[in-house]
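None of these values were measured; they are calculated from a predicted model. For the single chain, residues carry numbers from 1 onward in sequence order.
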Amino acid sequence: MESKLVIYNTLSRRKELFVPVDAPHVGMYVCGPTVYGDAHLGHARPAITFDILFRYLTHLGYKVRYVRNMTDVGHLEHDADEGEDKVGKKARLEQLEPMEVAEYYANCYHDAMRALNVLPPSIEPRASGHIIEQEQLVQEIMDNGYAYVSEDSVYFDVVKYNRDYRYGILSGRNLEDVLHASRELDGQEEKRHAVDFALWKKAHPEHIMRWPSPWGDGFPGWHCECTAMGRKYLGNHFDIHGGGMDLIFPHHECEIAQAVASQGDQMVRYWMHNNMITVNGQKMGKSYQNFINLNEFFHGSHKLLTQAYTPMTIRFFILQAHYRSTVDFSNEALQAAEKGLQRITEAIGNLNRIVPAQVTNGIEVKGLREKCYEAMNDDLNTPIVIAGLFEAARMINSVVDRKATISAVDLEEMKAVFRTFFYELLGMKAESDENRKAREEAYGKVVDMVLERRRQAKADKDWATSDKIRNDLTAWGFEIKDTKDGFTWKLNK
């Protein structure tokens, strides 16, 4: 099938026409969360970015196998080689089984993704469920001469690999520069070189998460899981590997080295990376005290937040920037996104109020769909799509204000554009029943307050105010009935 989608390939550092290995099938692997803490805004961006890609590839007619992993073992405290396993550490501190910790935070992550309307992947493998595949990968790399055993741990020999291939092709780093920048082998004497990374780590007696292997009890290095699970579910060669740009080095660089060292060539054709989220211009992190998890956003419970923000406001906020651009969080930016989202949703609601005319006059509907498709085909340019939807909202408001007219054909086209791009591709969803109920309750309290003011006006014999309130409400579609106990009202649809 003919493709028009152009995506930026981090490996080649240029935009390339997307051509799958085996059209119409597409294999896509995205690095998911490490399940030892609450889902935060940094988790939301890659999830939403690759949700858009998943939605659009499916919309174009591709059969997509989307694999998004969960790291529940092998992600250590200081780097990929040293420290205490994060899941194991939390389990020890809270006196839980490691899988209890992993399951709890996996469920929290899934709850947050559902709230953000992120579609579930086709397959969601966990590192702890694929130990055998990771051991097989390590053995293949050893058999090919690019790994060595030292004190019951297995390390990847980066220097030897670099002599035969090149280490650093994704990040653009030169191995000599990496060697100079690497810390000394303090406490790592078992490594041949400071840049060598662990494929399998010996488990010390206090280490909870451990498995038997040909090299002794231990656990896989962090980088192994994606290479092993990507190959298991997508084959030796697949189309897209994605994640945050903080994973380019060392994680994805090491993945490339592992794949080439084990099978002789690269597994992935297109590497895609979303940019980071900052807070008031500063990197988000617990050490900066600006770390905000998603539930805190949804409930407004963090000290940096001036209000709560709905999941759809968060999603819309993220999509207003191109996925390769930095997104800077501030309350002002989120409030602007909230207002922009409201403008579009109100315009969509107004579509059902419009009575079509014989002809379209004063607006130009033709070409709107094509402009949105052009933006999606240009490396998923969601800000341009949103700009097109804002323009469509302006047209709708012009018709509602009787400054323009729209034909029945163009009205149906306008509705179809919003269905396709706002809901299906951008993944926005209508207000939840819970939110709608809360809004309607607040709305009813306001009407009751106004009618109570009318009752008081009648008691004071202020007939002018009483009549004005009744007439205004009637004009707005309310049916008011006075009773001996006060009043009743309903809104005529």
Side-chain angles (χ1 to χ4, degrees), residues 3-23 25-33 42-60 62-69 71 113 118-119 121-124 168-173 223 225-227 229-231 233-235 237-259 266-277 315 318-319 321-327 375-385 425-427:
S3 174
K4 294 183 179 180
L5 173 61
V6 174
I7 57 177
Y8 184 87
N9 188 349
T10 308
L11 185 62
S12 64
R13 295 170 183 76
R14 64 173 181 264
K15 290 183 181 180
E16 297 180 1
L17 183 68
F18 176 70
V19 181
V21 173
D22 184 23
H25 298 275
V26 172
M28 182 168 80
Y29 190 102
V30 174
C31 290
H43 287 133
R45 191 164 198 200
I48 291 172
T49 294
F50 293 100
D51 181 57
I52 296 295
L53 180 59
F54 183 29
R55 287 171 180 270
Y56 193 50
L57 289 171
T58 304
H59 176 79
L60 293 177
Y62 292 108
K63 297 177 180 178
V64 185
R65 177 174 288 176
Y66 175 18
V67 180
R68 185 184 68 204
N69 73 300
T71 299
M113 294 304 105
V118 170
L119 298 175
S122 312
I123 304 171
E124 192 172 52
I169 60 173
L170 184 64
S171 61
R173 302 191 185 201
H223 308 306
E225 63 182 274
C226 294
T227 307
M229 295 190 295
R231 183 163 61 185
Y233 295 110
L234 299 175
H237 304 96
F238 58 89
D239 299 295
I240 297 169
H241 195 321
M245 66 184 302
D246 57 322
L247 297 178
I248 292 176
F249 186 87
H251 186 47
H252 289 164
E253 198 74 78
C254 292
E255 280 194 57
I256 290 176
Q258 289 172 160
Q266 293 195 44
M267 296 174 65
V268 180
R269 297 187 68 184
Y270 302 92
W271 287 87
M272 295 181 69
H273 295 90
N274 62 273
N275 213 320
M276 299 292 98
I277 291 181
R315 186 178 179 104
I318 288 174
L319 293 177
H322 190 270
Y323 76 89
R324 288 191 286 111
S325 301
T326 302
V327 171
M376 289 298 293
N377 285 330
D378 183 16
D379 197 25
L380 308 177
N381 203 329
T382 57
I384 301 300
V385 175
L425 297 182
L426 295 187

key: Pairwise distance CD(E225) to CD(E255) - rounded to 0.5 angstrom   =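 Those atoms lie 8.5 Å apart.
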
request  = Any chance you could measure I7, atom CD1, to L53, atom CG, to the nearest 0.5 Å?
outcome  =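 It is 6.5 Å, given to the nearest 0.5 Å.
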
request  = Apply side chain to side chain contact (heavy atoms under 4.5 Å, CB included) to the pair Q266 and L11, showing each step before the final yes or no.
outcome  = CA-CA 11 Å; Q266 293 195 44; L11 185 62; 3.6 Å; yes

task = Assign the ring pair Y270 / F18 to parallel, tilted or perpendicular, where the plane angle (0 to 90°) is split at 30° and 60°.
result =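 Tilted: the ring planes of Y270 and F18 meet at 30° to 60°.
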
Shortest non-hydrogen contact between [X] and [Y], atoms and distance:
X    : Y    : result
M272 : L380 : CE-CD1, 4.5 Å
F54  : T58  : O-OG1, 2.8 Å
P20  : V26  : CG-CG2, 3.9 Å
I169 : E253 : N-OE2, 3.1 Å
L247 : C31  : CD1-CB, 3.6 Å
I52  : L319 : CG1-CD2, 3.7 Å

Does [Y] offer a backbone N or O that forms a donor-acceptor pair with the side chain of [X] under 3.5 Å?
X    : Y    : result
Q258 : T227 : no
R45  : G244 : no
R231 : C226 : no

ask   = Could R324 and Y8 be counted as a cation-pi pair, given that NZ or CZ must be under 6.0 Å from the ring centre and within 45° of the axis?
value =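 Yes, R324 sits over the ring of Y8.
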
Partners meeting ring pair (Phe, Tyr, Trp, His ring centres under 6.0 Å) with H237 (sequence neighbours left out) =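 By the ring pair (Phe, Tyr, Trp, His ring centres under 6.0 Å) rule, H237 matches no residue at all.
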
D379, N275, N274, T49 screened by side-chain hydrogen bond (donor to acceptor under 3.5 Å, both in side chains) with Y323, the one that passes =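 The side-chain hydrogen bond (donor to acceptor under 3.5 Å, both in side chains) with Y323 is passed solely by D379 among D379, N275, N274, T49.
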
request  = Apply salt bridge (charged side-chain N to carboxylate O under 4.0 Å, His left out) to D239 and list each qualifying residue two or more places apart in sequence or on a separate chain.
outcome  =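 Partners of D239 under the salt bridge (charged side-chain N to carboxylate O under 4.0 Å, His left out) test: none.
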
inquiry  = List the residues meeting side-chain hydrogen bond (donor to acceptor under 3.5 Å, both in side chains) with N381, not counting sequence neighbours, and say none if there are none.
reply    =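 For N381, no residue satisfies side-chain hydrogen bond (donor to acceptor under 3.5 Å, both in side chains) once neighbours in sequence are set aside.
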
